[in-house]
Visitor: 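The following block contains the structure, expressed as structure tokens.
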Amino acid sequence: MRRHVTTPEAYRFWLRLADNLAQVEGRGVRIDKGYLDGAITQVTADIRALEAALQAEPDFRVWRRRFGERTRLGAYDQVAAVVYGDLGFKSELVTEKKGRAAATAANLEAVAAACPMVRHFLEAAKLRKALDTYLVGIRREMVQHADGLWYVHPSYNLNSVLTFRSSCERPNYQNQPKRNPRIAEIVRRCYVPRPGRQLGEDDYGQIEVRVPVPITGDATLRAYVCDPTKDMHYDMACQLFRLERPQVSKALRNIVKGAYVFATFYGSYYGLTAKDLWEDVDNLDGKPVRLEGSDVTVRQHLAALGIAELGDPDDPRPGTWAAHVRAVDEDFWGRRFRRYADWKREWYAAYLAEGGFTFPTGFAVRAPGLDKKQVCNAPIQGSGFHLLGWALCEINERLVKRRMRSMVIGEIHDCINFDLHPAERDDVFDLAQRVMVERIREFAPWLDVPLVAEPEAAPVDASWHDLRALKAAPDGRFVPSDMGKWEAAFGPWANQRPTESQGAA
DNA sequence: TGAACGAGCCC
DNA sequence: GTACGCGCTCGTTCA
């Protein structure tokens, strides 16, 4: 029987990463204090306005009657008690421990159409999250440097995650809002580069799909990440919704990617994914999703095929959406990704027999009582982060050794964040490309699939919200992927050079 | 005062 | 038979 012991190389790598992340913490990320103070004032006022509108609704009298002086306009349990207890709406979801009607956005969204009070509550709740967790959280952690400017110093941990990823706190730089455009702008505009410089990122593309290829040996997954003409999210969208690829919009592909493909790889199943898909295609920011280049909604299209209802996920009757997604699940694991499914079974069985498992990066887990999902996800998520961590070490050490002015200022699991000197921008992205895509094989010789690095940059002196994708031009320089959009938004690309006083590199 | 809970944000 | 992976931070409630 194999004994699972972390290798000396893995220990050395972990200490090296701790050293490099300590340097990253020491530098910190600059904050636009003037903007932050203004944003706190503005968002506070916006919340007050929504609270006033909420209180003006007739339904609010019921809330007031129930809670009186204890009324808290932001309390989830209060709005749930009023809506599901007093106003007669039926709750679809219950809380985990106490089994009460859940006040989640997913549950309340169904009520909001008929109840303006709930609509105001949900809108205010989003802004409160932005204000309390993010804006006020940033201000609490902000310190002034000798240059007179303000910075936060997010702290990275390498000892708190089961899968040997990092975590981050005070503030958590790894969960700053991104998906909701309005909230993302409010918060990300706080983060700015040092004067005369620009923020940059380099992301590992699809790392969580590439890493399992050598681990599981799945040939279908290998083809998806090696053949640029293949796209598994489009393929799954076609299969799930019985469409041809030109009929699948980007929006529908993204829904399938998050609500089906990744969820299923992570261990979910049709009982949950069918419900999420059913709801998501009917409500993308309040609107139903339509077929590409057509007025027909996805729900209408399914109805025309004879699939008109979700059905009971626990007992799916033929002709329901749940039964259809169950059949897709069976095809997903039984045919399409058969080898991946076999690997999961074998990997978990070996864990039960041996009491542990070892990542390809040399990290060993010896812990009883882990379930199959944890055991199968850990080596993939953890190893993906280790690739990023090794690249961060190489890049940071090189930038320091060459006394470059550009610096690594953060890390978010599969991406590295930079504060760039404009004159060094191309050198940094070139270095990152070579380390992340080519030299990474020195660290991970087991990696037998190509990796891709996806660079992004914001204009000089612009905020984290203004990042845009770059691509390598034939001359080796990095230019905006969409030059037209860049220049429409930010002016001539030629302006993204160092100022006179900064000189050349 | 601290733990538990429920909620929402990220990859 | 399966039954969404890994984190951090917030406000409220309750002992």
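The sequence lines fix the lettering, A, B, ..., with proteins before strands; numbering per chain opens at 1.
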Visitor: Contact list please: residues 102-110 of chain A against DNA chain B, heavy atoms, distance less than 4.0 Å, in numerical order.
Guide: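 Hits under 4.0 Å, by residue number: A/A102, A/A103, A/T104, A/A105.
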
Visitor: Less than 4.5 Å apart, any side-chain heavy atom of A/W446 and any of A/S383?
Guide: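 The answer is yes, as the side chains (C-beta and beyond) meet within the 4.5 Å cut-off.
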
Visitor: Assert yes or no for the condition that the ring centre distance of A/Y270 to A/W321 is strictly below 6.0 Å.
Guide: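 No - the distance between ring centres of A/Y270 and A/W321 does not fall below the 6.0 Å cut-off.
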
Visitor: Between A/R335 and A/D331, is there a salt bridge with N-O shorter than 4.0 Å?
Guide: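 A/R335 and A/D331: salt-bridged.
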
Visitor: Dot-bracket notation for DNA chain B is requested: 5' to 3', Watson-Crick or G-U wobble pairs only, both distances under 3.5 Å, with ( ), [ ], | and . as defined.
Guide: |||||||||.|

Visitor: Touch check for A/D371, heavy atoms < 4.0 angstrom, all strands: base, sugar-phosphate only, or nothing?
Guide: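 Here A/D371 touches no strand at all.
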
Visitor: Check whether any side-chain N or O of A/T163 sits under 3.5 Å from a backbone N or O of A/G382 as a donor-acceptor pair, and report yes or no.
Guide: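 Flag not set: sc A/T163 to bb A/G382 has no pair under 3.5 Å.
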
Visitor: Check the side chains of A/Q174 and A/S166 for a donor-acceptor pair under 3.5 angstrom, ignoring hydrogens and angles.
Guide: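 Present: a donor and an acceptor within the cut-off.
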
Visitor: Heavy atoms only, 4.0 Å cut-off, all strands: where does A/R128 land among base, sugar-phosphate and nothing?
Guide: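 If one applies the 4.0 Å heavy-atom cut-off, A/R128 turns out to touch nothing in the nucleic acid.
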
Visitor: Specify the closest pair of heavy atoms between A/T358 and A/W347, including all atoms of both residues, with the distance to one decimal.
Guide: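 The pair with the smallest heavy-atom distance is O-CH2, 3.5 Å.
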
Visitor: Identify whether any heavy atom of A/R140 sits under 4.0 Å from a base atom; if not, whether one sits that close to sugar-phosphate; answer base, sugar-phosphate or nothing.
Guide: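 Contact class for A/R140: sugar-phosphate only.
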
Visitor: Please check if any side-chain donor atom of A/D46 sits under 3.5 Å from a side-chain acceptor atom of A/Q42, or the reverse.
Guide: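 Looking only at side-chain atoms, A/Q42 and A/D46 do form a donor-acceptor pair, the distance falling under 3.5 Å.
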
Visitor: Just checking A/Y76: base, sugar-phosphate only, or nothing, at a heavy-atom cut-off of under 4.0 Å?
Guide: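 It contacts sugar-phosphate atoms only.
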
Visitor: Name the first nucleotide and the last nucleotide along DNA chain C (5' to 3') that come under 4.0 Å of a heavy atom in chain A.
Guide: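 For DNA chain C, the relevant span reads C/dT2 to C/dT13.
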
Visitor: Counting neighbours of CZ on A/R338 that are heavy atoms of other residues, nucleotides or ligands and sit closer than 6.0 Å, is the number greater than 12?
Guide: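 For A/R338, atom CZ is not crowded (no more than 12 foreign heavy atoms under 6.0 Å).
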
Visitor: With rounding to the nearest 0.5 Å, note down the distance linking CG in A/L135 to CD1 in A/I40.
Guide: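 Separation between the atoms: 5.5 Å.
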
Visitor: Classify the nucleic acid contact of A/G267 as base, sugar-phosphate or nothing, counting any heavy atom under 4.0 Å across all strands shown.
Guide: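 The answer is sugar-phosphate, as A/G267 gets under 4.0 Å only of primed atoms, P, OP1 or OP2.
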
Visitor: Could you give the distance from CD (A/Q55) to CD (A/E51), rounded to the nearest 0.5 Å?
Guide: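 Spacing of CD (A/Q55) from CD (A/E51) equals 7.0 Å.
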
Visitor: At 4.0 Å (heavy atoms only), tell me whether A/C376 reaches a base, stays on the sugar-phosphate, or touches nothing.
Guide: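 No contact at all - A/C376 keeps every heavy atom at 4.0 Å or more from the nucleic acid.
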
Visitor: Under 4.0 Å, heavy atoms only, any strand: does A/D77 hit a base, just the sugar-phosphate, or nothing?
Guide: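 Result for A/D77 = sugar-phosphate.
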
Visitor: Would you name the heavy atoms of A/N107 and A/A102 that are closest together and state the gap between them?
Guide: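 Nearest pair, atom of A/N107 first, then A/A102: ND2-O, 2.7 Å.
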
Visitor: Quick one: do A/F357 and A/V375 satisfy side-chain contact (heavy atoms from CB on, under 4.5 Å)? Show the steps, please.
Guide: CA-CA 8 Å; A/F357 53 91; A/V375 169; 4.0 Å; yes

Visitor: Touch check for A/Y270, heavy atoms < 4.0 angstrom, all strands: base, sugar-phosphate only, or nothing?
Guide: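 If one applies the 4.0 Å heavy-atom cut-off, A/Y270 turns out to touch a base.
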
Visitor: Could you write out each protein N or O paired with an N or O of nucleotides 9-11 of chain B at a distance under 3.5 Å?
Guide:
residue : atom : partner : partner atom : Å
B/dC9   : O2   : A/N175  : ND2          : 2.9
B/dC10  : OP1  : A/K178  : N            : 2.4
B/dC10  : OP1  : A/R179  : N            : 2.7
B/dC11  : O3'  : A/D414  : OD1          : 3.0
B/dC11  : O3'  : A/D414  : OD2          : 3.3
B/dC11  : O2   : A/R165  : NH1          : 3.0
B/dC11  : O2   : A/R165  : NH2          : 3.4

Visitor: Quick check for you: to the nearest 0.5 Å, what is the distance between A/I31 atom CD1 and A/W150 atom CH2?
Guide: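 That separation rounds to 11.5 Å.
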
Visitor: Contact class for A/S160 (heavy atom, under 4.0 Å): base, sugar-phosphate, or nothing?
Guide: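 Sugar-phosphate, backbone atoms only, no base.
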
Visitor: Are there more than 12 heavy atoms of other residues, nucleotides or ligands under 6.0 Å from atom OH of A/Y11?
Guide: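 Open: at most 12 neighbouring heavy atoms sit under 6.0 Å from OH of A/Y11.
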
Visitor: At a heavy-atom distance below 4.0 Å, what parts of residues 82-100 of chain A sit against DNA chain B?
Guide: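 Result for residues 82-100 of chain A: A/T95, A/E96, A/K97, A/K98, sorted by number.
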
Visitor: Do the side chains of A/R64 and A/E69 get close enough for a salt bridge, i.e. N-O under 4.0 angstrom?
Guide: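 Salt bridge flag = yes for A/E69 with A/R64.
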
Visitor: Which residues pass the ring-ring contact (aromatic ring centres under 6.0 Å, His included) test with A/Y173, sequence neighbours left out?
Guide: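 Only A/Y191, A/W464 meet the ring-ring contact (aromatic ring centres under 6.0 Å, His included) criterion with A/Y173.
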
Visitor: A/Q78 has an atom CD; how far is it from atom P of B/dA7, in whole Å?
Guide: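 Roughly 14 Å, once rounded to whole Å.
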
